[in-house]
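Hydrogens, waters and symmetry mates play no part in the numbers below; they use all other heavy atoms, side chains included. In what follows, chains carry the letters A, B, and so on, assigned in the order in which the sequence lines appear, proteins first and then strands, with residues in each chain numbered from 1.
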Protein chains: 2
Amino acid sequence: MRGTSRTSLEDIAKIIGVSTATISRCINSPHKVAEPTRKRIQKAVEDLGYMPHFGGRALARNRTNTIGAIIPTMDNAMFAGGLQAFQDVLSSSGVTLLVGSSNYDPNQEFEQIRALLSQGADGLMLIGEERPAKTRKFLDQHSIPHVLAWCYSDASASAVVGFDNRKSGRAIAEHVINQGHTKLAVIAGIRHGNDRAENRVKGIEDAIEANPSSILLGIAEAKYSFESAATALEYLLNSPTRPTAIICGSDVLAVGALLRTHSLGIKVPDELSITGFDDITLAQVTSPRLTTVRIPQKEMGRQAANVLLNILAEGQKPGQLNRIELETTIIDRGTLARL
Amino acid sequence: MRGTSRTSLEDIAKIIGVSTATISRCINSPHKVAEPTRKRIQKAVEDLGYMPHFGGRALARNRTNTIGAIIPTMDNAMFAGGLQAFQDVLSSSGVTLLVGSSNYDPNQEFEQIRALLSQGADGLMLIGEERPAKTRKFLDQHSIPHVLAWCYSDASASAVVGFDNRKSGRAIAEHVINQGHTKLAVIAGIRHGNDRAENRVKGIEDAIEANPSSILLGIAEAKYSFESAATALEYLLNSPTRPTAIICGSDVLAVGALLRTHSLGIKVPDELSITGFDDITLAQVTSPRLTTVRIPQKEMGRQAANVLLNILAEGQKPGQLNRIELETTIIDRGTLARL
DNA sequence: ACTTATTATGTAAGCGCTTGCATTTAACTA
DNA sequence: TAGTTAAATGCAAGCGCTTACATAATAAGT
């Protein structure tokens, strides 16, 4: 029950005595309207604080200039930077961004997709590759323009802008091994339904396989919370042979583990090395500061936006621009010891 | 240029041989439709992956079941938690949330407000009280249902769910003073156009005025970045008499300052005390962990959602439920010394 | 069997906007 | 001055949906 009903084109039309068509044109392509009329219309629009009705417009144009993004969570900084960059590019193209979050739950993601599309999103940005057949079918059936971010694979049928989680997982593990560590353990995010978490671990395993001197003592899965990572750490520490380095699937996990080492009186990195993944703000703040893998958040956001805008503008040509791989870099700070 | 044009009610209607009205009813109030018809319709809807067109619906109903929130930034965790809670409540009422961010810029906020409303938002959640007359007039003129969060004042004409920044500023300052500090300094956020930052400082000043033994050696404003806070710290440290405690307007600022003390070789809290504000994740992670003011983020988000839903449901009664004050609490950790 | 509720469906008007086409008006040309 | 062209505006259809109202089908009451 909205108070005053909104002012419509028709209202303005009556007031200044022109047709709604003219006003519409004045708003959308001012040059098609004669100077004096334009002035009058613009004044009226300004005075009345007129806003075009989105629904009406969407109906008439059959597009909304809106695109949607669904991220797993807003709760930590993981996606914020990328999203911000995404948004910036979009809004400088006059496109509005709708954001939904899925709580890492494929069903919620599906619902959000429906919701956003139903809201009129012309296209979508999604995180990661893996999703249920149902979801994929849906995207396909409606041929929804979309781009995947935070992941990269040559296989993907969709446009994708991101980095290869497996490769990066391998890189950090090799880096650890190169520092002389042989007894490794992993704290991973929940892998089920999360290809990023999954692939990072695979990469780590790749590295270990390739370096026979090194051995993987254990993998513990943890939710993205300090507490849960801390528990995982203790679990790993209790294995018969103690690892010298713990590779974590995200900074949140690494920090959770690190915090627990403090209370356990374990010296990092002297007695135990810990690495993170993502390079969020948190990583710069701990003592010692966290050695981690930096992912090109901003860049991903920006490029993803461009790719999507492109697709929207030109239609779904299976062009080559729709697949962009970015690189991650290892940031050496203080939690990885050279043995 | 969307590939396949979307399926419409009419399409389904043709396929199963009923009128669009029936289908519409079947979707919106299933009980009004006879069992067998309903089944058939539901199947078709499912099979075709039909989604109602938002625009059409908005037009016909004159409401969208969508509400908008505009926060200053997505970039740090400041608002994420509250927003998440806000979203949770909304979606359990079948309302979609649209999020915009303003970069702490009143003009961008205004544009976002227009954008969200134009998108059909039935109501808004905004952060803080202070905004240009233009914006206030706009909200008023269109009688936009809205709720303000992250602030509280009895004076506000709008619905408001939050805490009194001034009171909280005073509380933390008094706490510092009670620990025996007399030489204080402040690192504040940019106060211009930001009543939260402004009021926190005012509160601190209140406390100092009320305790004549204490003295305010300086106030430095800083953007919400580590770097900028670090610079502010050095500036304050260079004053002729050195403060024993620095009260910061936010955790980001406090952490930025704290980090600089590390590189400066200043021992916190032995040589210098630092307090934060907000109690974001960051605060638990530094060494020593940050003494700060916890704000009831989740609670604010939840209540703000309820208030807004209420207003939307019942119209703008100037009832008393529209003004909720929550309390902040001081979290004592390791950066405040007892002198 | 015949009226009277009740329930299920269809009809059609409109929500506010855009846009192809028709019309008017103004500006030139010859 | 009549004839042609270009520019500015109006007309009206239609985008997909909801909903009051009308109608048809069914069940209930006498």
Side-chain angles (χ1 to χ4, degrees), chain A residues 1-2 4-42 44-45 48-66 114 117-122 142, chain B residues 1-2 4-42 44-45 48-66 114 117-122 142:
Chain A
M1 209 170 64
R2 285 281 278 280
T4 332
S5 65
R6 55 158 59 237
T7 37
S8 74
L9 269 195
E10 184 131 12
D11 299 334
I12 307 193
K14 249 171 220 146
I15 293 179
I16 59 181
V18 300
S19 75
T20 62
T22 303
I23 303 185
S24 172
R25 276 189 288 257
C26 179
I27 289 170
N28 299 301
S29 20
H31 66 275
K32 288 190 183 167
V33 153
E35 172 88 18
T37 333
R38 197 193 317 150
K39 290 276 186 242
R40 275 163 55 221
I41 296 180
Q42 283 169 343
V45 164
L48 289 144
Y50 168 76
M51 294 169 302
H53 185 285
F54 178 78
R57 182 175 263 186
L59 215 41
R61 287 204 204 166
N62 197 32
R63 60 124 74 215
T64 57
N65 265 286
T66 287
R114 290 182 57 99
L117 289 175
S118 189
Q119 291 274 345
D122 295 327
H142 298 274
Chain B
M1 209 170 67
R2 284 281 280 281
T4 333
S5 65
R6 55 158 57 237
T7 37
S8 73
L9 268 195
E10 183 131 14
D11 299 332
I12 307 192
K14 248 170 221 147
I15 293 180
I16 58 181
V18 300
S19 75
T20 61
T22 303
I23 303 185
S24 171
R25 277 189 289 256
C26 179
I27 289 170
N28 298 302
S29 20
H31 66 275
K32 289 190 181 167
V33 152
E35 171 89 17
T37 334
R38 197 192 319 149
K39 289 275 186 244
R40 275 163 57 221
I41 296 180
Q42 283 169 344
V45 164
L48 289 143
Y50 167 77
M51 296 169 300
H53 185 286
F54 178 79
R57 184 175 263 185
L59 215 43
R61 287 204 204 167
N62 197 30
R63 60 129 62 211
T64 57
N65 265 285
T66 287
R114 290 183 57 100
L117 289 175
S118 191
Q119 291 274 346
D122 294 327
H142 297 274

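Summarising the geometry, the separation between CG on Asn62(B) and P on dC17(C) is reported as 11 Å, rounded to the nearest angstrom. Rounded to whole angstrom, the span from the NE2 atom of His31(A) across to the P atom of dT9(D) amounts to 13 Å. Atom pair Leu9(B):CG and dG10(C):P shows a separation of 13 Å (rounding to whole Å applied). Atoms CZ (Arg63(B)) and P (dG16(C)) sit 16 Å apart, rounded to a whole Å. To the nearest angstrom, C1' of dC17(C) lies 11 Å from CD1 of Ile23(A). When rounded to the nearest whole Å, the span between CD1 of Ile41(A) and C1' of dT9(D) equals 10 Å. The separation between Ile27(B) atom CD1 and dC17(D) atom P is 8 Å, rounded to whole Å. Rounded to whole Å, atom P of dG16(C) lies 18 Å from atom CD of Gln119(B).
Regarding contacts with the backbone of dG16(C), every side-chain N or O of Arg57(A) stays at 4.0 angstrom or more from both OP1 and OP2. In this structure, Thr37(A) reaches the dT9(D) phosphate: one of its side-chain N or O atoms is under 4.0 Å from OP1 or OP2. Here Thr22(B) reaches the OP1 or OP2 of dG10(C): one of its side-chain N or O atoms lies under 4.0 Å away.
Donor-acceptor pairing under 3.5 Å is lacking for the side chains of Thr66(A) and Gln119(A).
Taking only side-chain atoms of His53(B), from C-beta outward, the nucleotide of dG10(C), dC17(C), dG16(D) with the closest atom is dG16(D).
Using modelled atom types, one side-chain atom of His142(A) and one backbone atom of Gly49(B) make a donor-acceptor pair closer than 3.5 Å. Between the Thr64(B) side chain and the Ala58(B) main chain, no donor and acceptor come within less than 3.5 Å of each other. Panel note: side chain Ser118(B), backbone Pro52(A); a donor-acceptor pair is recorded below 3.5 Å.
Taking the nucleotide of DNA chain D with the nearest heavy atom to each of Arg25(B) and Gly17(A), the more 5' of the two is matched to Gly17(A). Map Ala60(B) and Ala21(B) each onto its nearest nucleotide of DNA chain C; the residue landing nearer the 5' end is Ala21(B).
In this structure, the separation between OG1 on Thr37(B) and CD on Gln42(B) is 10.5 Å, given to the nearest 0.5 Å.
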